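Okay, so here's the structure we're looking at.
Predicted model, so just to flag it, every value in this text is computed and none were measured.
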Amino acid sequence: MVTLRPVTLENRREIFRLDVTEEQHRFVASNLSSAATAWVLISNGGHPATFAIYADETPVGFALIVYGINSYEMPSVGEGNYNILRLMIDRRYQGRGYGREAMRLILDYIRTFPMGPAELVWIQYTFDNHAARKLYESFGFRENGEVAHGMPVAVLRL
């Protein structure tokens, strides 16, 4: 069973050791870098939530969700909406459906509006990350025509 759990002092090292394939490094930042991003967002008034993705009792991935990003070069949907800033599954556990199940859980969590009200959730991916695009489209995300930081913006109405 896949679950989302907070990143804690107890599990952080295991989460920071999770990694994607060498080819996928160009698609996603390391989990340590993502945790640092969350800290910077908090210290600048942002609202991030970090999650360890577990399959039963094994950590298999990481997610970073942010609410209401309103900073440099953000897409028009940034302010007042949720963003799935990071989603990764460790290379050893890919292809088992954990990413799909984690996305379902992430969207269920966001739909509780834990950080505030919103109409949309948005996500970005590189143009050549076909696996990510296919996964997100299967949940109803659609590109809105914007490009931010060189990546298309895809949105889902909540």
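In this structure, Arg12 contributes its side chain and Leu9 its backbone to a donor-acceptor pair below 3.5 Å. Between the Tyr125 side chain and the His130 main chain, no donor and acceptor come within less than 3.5 Å of each other. A donor-acceptor pair is defined here as one N or O able to donate and one able to accept, closer than 3.5 Å; such a pair exists between the side chain of Asn81 and the backbone of Glu119. Without hydrogens or angle criteria, Asn129 side chain to Thr126 main chain gives no donor-acceptor distance under 3.5 Å. Side-chain atoms of Tyr136 do not come within 3.5 Å of backbone N or O of Leu156 as any donor-acceptor pair. A donor-acceptor pair under 3.5 Å links the side-chain atoms of Asp56 to the main chain of Met1, judged by distance alone. Judged by distance alone, with hydrogens and angles left aside, the side-chain atoms of Glu146 form a donor-acceptor pair with the main-chain N or O of Ser76 at under 3.5 Å.
Tested against Val77 for a side chain to side chain contact (heavy atoms under 4.5 Å, CB included), the candidates Val153, Asn83, Val121 yield a single pass: Val153. Results of the side-chain hydrogen bond (donor to acceptor under 3.5 Å, both in side chains) test with Arg86 over Ser34, Ser30, Ser33 single out Ser34 as the only residue that passes.
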**Item:** Evaluation steps, side chain to side chain contact (heavy atoms under 4.5 Å, CB included), between Tyr67 and Ile110
**Value:** CA-CA 9 Å; Tyr67 176 72; Ile110 289 171; over 6 Å; no
**side chain to side chain contact (heavy atoms under 4.5 Å, CB included) between Asn144 and Leu120, worked out** = CA-CA 12 Å; Asn144 70 350; Leu120 304 169; over 6 Å; no
**Item:** Audit row: Val20, His25, side chain to side chain contact (heavy atoms under 4.5 Å, CB included) steps and yes/no
**Value:** CA-CA 7 Å; Val20 294; His25 282 160; 3.4 Å; yes
**Asked** Do Phe113 and Tyr82 pass the side chain to side chain contact (heavy atoms under 4.5 Å, CB included) test, and can you show the C-alpha distance, the side-chain angles, and the key distance before you say yes or no?
**Response** CA-CA 9 Å; Phe113 305 105; Tyr82 288 86; 4.1 Å; yes
**Request:** Go through Arg5 and Glu57 one step at a time and tell me if the salt bridge (charged side-chain N to carboxylate O under 4.0 Å, His left out) criterion holds.
**Result:** CA-CA 11 Å; Arg5 301 181 192 178; Glu57 295 304 312; 3.1 Å; yes
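Inter-residue side-chain proximity for Val7 and Asn11 is flagged as met; some heavy-atom pair is nearer than 4.5 Å. Counting only heavy atoms from C-beta outward, the side chains of Leu105 and Ile53 never approach each other to under 4.5 Å. Counting heavy atoms from C-beta on, the side chains of Leu18 and Arg92 come closer than 4.5 Å. At a threshold of 4.5 Å between non-hydrogen side-chain atoms, the residues Ser138 and Arg100 count as touching. Residues Arg133 and Phe127 are in side-chain contact: their nearest non-hydrogen atoms beyond the backbone lie under 4.5 Å apart. For the pair Phe141/Leu135, no side-chain contact is recorded, criterion being any heavy-atom separation below 4.5 Å from C-beta on.
No continuous path of ILVMFWY side-chain contacts below 4.5 Å connects Leu85 to Phe51, so the two sit in separate hydrophobic clusters. Hydrophobic clustering places Val2 together with Tyr93 (ILVMFWY residues linked when any side-chain heavy atoms are closer than 4.5 Å, directly or through intermediates). If you chain together hydrophobic residues whose side chains sit under 4.5 Å apart, Ile123 and Val28 never meet in one group. A continuous path of ILVMFWY side-chain contacts below 4.5 Å connects Leu4 to Leu158, so both sit in one hydrophobic cluster. In the hydrophobic cluster analysis, where Ile, Leu, Val, Met, Phe, Trp and Tyr join through side-chain heavy atoms closer than 4.5 angstrom, Ile15 is grouped apart from Ile89.
Residue His47 holds its NE2 atom at 9.0 Å from CE of Met115, rounded to the nearest 0.5 Å. Taking CG of Asp90 as the reference point, atom CG of Asn31 lies at 8.5 Å (rounded to 0.5 Å). One distance of note links CD of Glu14 with OG1 of Thr58; it measures 8.5 Å at 0.5 Å rounding. Rounding to the nearest 0.5 Å places CE of Met88 at 12.5 Å from CG of Leu64. Distance check: Ile84 CD1 to Ile106 CD1 gives 5.5 Å after rounding to the nearest 0.5 Å. Taking CG from Leu32 and OG1 from Thr37, the interatomic distance works out to 9.5 Å, rounded to the nearest 0.5 Å.
A salt bridge does not link Arg96 with Glu101: none of the charged nitrogens is closer than 4.0 Å to a carboxylate oxygen.
Of all the heavy atoms in Pro48 and Ala38, the pair that sits closest is CG-O, 3.4 Å. The heavy-atom pair separating Ala49 from Tyr109 by the smallest distance is CB-OH, 4.1 Å.
In this structure, Glu137 places its CD atom where more than 12 heavy-atom neighbours from other residues, nucleotides or ligands lie under 6.0 Å away. No more than 12 heavy atoms of other residues, nucleotides or ligands lie within 6.0 Å of CZ in Arg13, so this atom counts as exposed by the packing criterion.
A donor-acceptor contact under 3.5 angstrom links the side chains of Thr8 and Glu10, judged on distance only.
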